[in-house]
Structure formats: C-alpha cells, structure tokens
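Residue indices begin at 1 and follow the sequence shown. Each ligand, and each atom within it, is numbered from 1 in the order the structure gives.
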Amino acid sequence: MLYVVNNCSCFITMLSLESLLKDNGEVRQCCDIRKPTEVGRFSLDFQRRFHHDRRQMVCYIPAEARRNGTLLQLLDLNDGYKSPRFVKRDEGVKERLDHMLQWMVCNKRRFAGKSHFHDVKRQKVEQDQNIIGEPPDFVLWRGHLTKLMCTPFENRDGWSMACQKLENTVYVSEVETKAAAQRKASSTEREKLMTYWGVRFEGYMTGRFPKPPETISVRTPKEETIINTNEAFCSVFRTRVNKRHSVVYGAEVDCCKSVDVLSPPDCYVELKTSRKFTSRKQEENFYRYKCLKWWAQSYLAGIPQITCGFRDDDGFVESIRDFSTLDLPNRAMTLHNSWNPSACLTFLDNLLQAIKEIFQAVNTSKCTIILSWEPGDKCVSYELSHSPKDCFLHEWYINDMT
Ligand code: 0WD
Ligand code: CA
C-alpha cells in the first residue's frame, strides 16, 4: 500500500476499510498474532499514584456457592452507591498515555537494540530475563487495540487516535470524540448506576492478597467494602502482529487466580456483568454483537477466562458463568451474519502497517497524526496536526528516552 501525504496541517486523507481488510487484493483468511507475554506491571493506588509494582493486584474469589451457575444468595450491585464507600475517579483528568510512559521510563534499559544485545551476549548475561528486546514499533493501551480491531464490525461508537513517533516507536493515545464527550455529559442517572454495577461486581468477586476469603459466601462484609475507581492493577504485554509489528501495551487486569499454579496471563480473569438472558434471541445477540469486544479485550491480553455476573434490571446478580475467551469466536461463527476474528486481526495488521507508512512520509518530529473513524464510514481518515494540544509525549519523556 502506498499513501501520498502532504506535510501540512489539516490535510485529511483516507484509508479505505475495504483495503484494510485485504491483503494483495485477497481477503486474508488468517493473520498471525503471537500469544502476548507479560513484560511488566504497575499499580495505580487509591489516589491514582503510579507504583512500579503489583500492590493493587487482587485475587479472584471463586463463586462456589452456586448450583448450576445459580447463586444461592443474590449479589446486590447497588450496594454502596451514593455512599462514602464509593470513591469515584476524577474523569476530568485526561491521563492519555501517561502511566504507560512512566512504565516505559522505568524500563527503558530493558529495551535494547541489536548492537546492545551483542554486547550483552559477550558479557554472558544473555539469560537475564529482564531484557525485553528491541524497542517496539508501537506503544499504547490494550483498549486502543480493542477499538481498532473491532472496527470492521462496529456500528455504534467511532474512535479517534492520536499517533506520535519518537525514534523508531509510534505511540498511540485515544482522543475523545465529540459524540463520546456528549454522551458522557448527558449520561442519565440510570446509566451512571449501571456503570457502578460493573465495578461493584468486581468488588464482590475479588479479595486482597495474601489471604483471600475462600468463597463467595465468606466474602468481606458489605460495610467494609470500599469501591475506589482510582485503584488499578495494570499488566504490560508485548506481542507481534503478523510477524511484522511489535507492540507493547498496558492493560487493566481485574484479578488473578493462584499464581502458584498458573503464571500470567493464564492466571488472570476478566470480570463482566450482563443482563440475564430471558430469550434465545437475547442469547444469540450476545454472541453476535456484545461478545466481540469481550473476546478482543481478553484475547489481546491472553486472558483465558471471562467471568460474567448475570443481573436483573434492578442490579441483582442471579447467576455467574465462566466463558472461555478462545471459545467465543466459535460460538459467534455458528450464527448468521456474525463477526469473525481473522477479519479483526487482518484489519489491525493492515492499519498498523498504514500508520508506519504514513510516518515514513512525513517529518515525524514535528507532527501528530490523528486517525478517525465513524460508524458507517467506508474509510479511516487521517490528518496531520502541528497543534501542541495534540501532542501527548511530554518533554520529560522525550528527554529521558532520547
Ligand atoms: O485515555 C483514554 N481515553 C483511555 C485510557 C482509554 C483506554 C484506557 N485508558 C487507561 C485508563 O486509565 C485505564 O487505567 O487505560 C487503563 C485501562 O486500560 P485498558 O485495559 O487498555 O482499557 P480497556 O481494555 O478499555 O478496559 C479495561 C478496564 C475496563 O473494564 P471493563 O470490564 O469495563 O472493560 O479498564 C477500565 C474499565 O474498568 N477503564 C477505564 N478506567 C478508567 N478510565 C477507562 C478509563 N478511560 N477505560 C477503561
Ligand atoms: Ca472488567
């Protein structure tokens, strides 16, 4: 693919969706993505402060008090809402890629070029597990990759991504679209409550290391449960897309099963809530639409298990079910007109390639590239921006990394 680009701001050009789904004119059947390996981790504490450790990692509490998936005791997801036990992160603070950049600075010595490797070998410390490899082609959040990957089947939410290049690495950071900002500003009380239901479920299903409660029936008393959405445990992964794009990305991980038996990411579990199915049609629609994002999100982090609390309309979880991430595409593909994973991966591979090619054609040190897509668009558009407000790589980062 070749793109001709003018080096001026406000220049908008298009990448056709059709071409991003094809390889040499053929729809590609399979695009290879290496199983992600965890290369690091960090935590954000109750005040959203960065710590280069796993202090915020929580453990998964198996919901054993269930019979055929049905809980013996309903979980009230409304518990703690509008109480001092719910501490909400200030969403007005735009963090962009900041915490990932902090992690990169902490780990910059672990990214070594070929020549360095040679030296390292000579010094016989090549077994040092800490070395990650050459600097990656891309650094971003896992959530960004999820959005890009799901584009071929998305019909509700658009996206906009700012891309900046420093040395040989492209950094990607989401830009809030106007539609998303409007949606957030006009969100109803019920939508806010429903968002809380998701985090409250996480509170029920997790406990603090080192000594977690044994099962759901002996969990922490409600009055002691604090839900603070500043807190997060993030794992950093590295993978290679179609053998040609090395990618490093951070992902917020909900919880972890025993690390003695399984190692990351096999021990990680993603938690979700969903409305209970009351008809076969609803269940089909779940596999046809909703589970695409579940699959993409967990697949990108190599997380094998997604545990879902099925709730009623009043926010009471009646049953809990485990889904195998790798099984979700099989279920979806039995349905007519559904998504398929290879189209997602082919699209991602081609889009990453297009981003690289755009950067080869521009004076990279001076501009940001903004890629955007809206539902219904047949193309991903991009523009070059010289505006400082679009730059998200801070001076402290550039100085430290160059
Ligand atoms: O700058 C931004 N707009 C973004 C920032 C977009 C995406 C992520 N982030 C940051 C957030 O600060 C968050 O700490 O990345 C972190 C999460 O990274 P991720 O794993 O790449 O995000 P994603 O896979 O989209 O979501 C994982 C979880 C979500 O769980 P559910 O089950 O709802 O998918 O991270 C949470 C949420 O709990 N989450 C966020 N938390 C705070 N702010 C955000 C956000 N913007 N997005 C997702
Ligand atoms: Ca979750």
Chemist: Hey, which atoms in ligand 1 end up nearer than 4.0 Å to a heavy atom of A251?
Modeler: 20 (O)
Chemist: Using a 4.0 Å cut-off to any heavy atom of R89, which atoms of ligand 1 qualify?
Modeler: 42 (C), 43 (N), 45 (C), 46 (N)
Chemist: Could an N or O of ligand 1 be found under 3.5 Å from any N or O of T146, whether backbone or side chain?
Modeler: no
Chemist: Check whether any N, O or S atom of K272, backbone or side chain, sits closer than 3.0 Å to the Ca ion (ligand 2).
Modeler: no
Chemist: Please identify which atoms of ligand 1 are closer than 4.0 Å to at least one heavy atom of K272.
Modeler: 31 (P), 32 (O), 34 (O)
Chemist: Would a 4.0 Å cut-off, counted as strictly less than, catch a protein heavy atom around atom 44 (C) of ligand 1?
Modeler: no
Chemist: For E189, is there an ion pair with K82 - N to carboxylate O distance below 4.0 angstrom?
Modeler: yes
Chemist: Is there an N/O/S atom in E252 that lies less than 3.0 Å from the Ca ion (ligand 2)?
Modeler: no
Chemist: Numbering the atoms of ligand 1 from 1, which are under 4.0 Å from a heavy atom of E95?
Modeler: 12 (O)
Chemist: So that I can tick it off, tell me whether D45 and R55 are bridged by a salt bridge, with the cut-off set at under 4.0 angstrom between side-chain N and carboxylate O.
Modeler: no
Chemist: With heavy-atom distances below 4.0 Å as the criterion, list the atoms of ligand 1 near Q297.
Modeler: 23 (P), 24 (O), 26 (O), 27 (C), 34 (O)
Chemist: Taking non-hydrogen atoms only, is R142 closer than 4.0 angstrom to ligand 1 via side chain, backbone, both or neither?
Modeler: both
Chemist: Numbering the atoms of ligand 1 from 1, which are under 4.0 Å from a heavy atom of L271?
Modeler: 32 (O)
Chemist: Numbering the atoms of ligand 1 from 1, which are under 4.0 Å from a heavy atom of G250?
Modeler: 21 (O)
Chemist: Does an N or O from H144, backbone or side chain, lie closer than 3.5 Å to an N or O of ligand 1?
Modeler: no
Chemist: Numbering the atoms of ligand 1 from 1, which are under 4.0 Å from a heavy atom of E270?
Modeler: 32 (O)
Chemist: Under 4.0 Å between a Lys/Arg side-chain N and an Asp/Glu carboxylate O for D313 and R275?
Modeler: yes
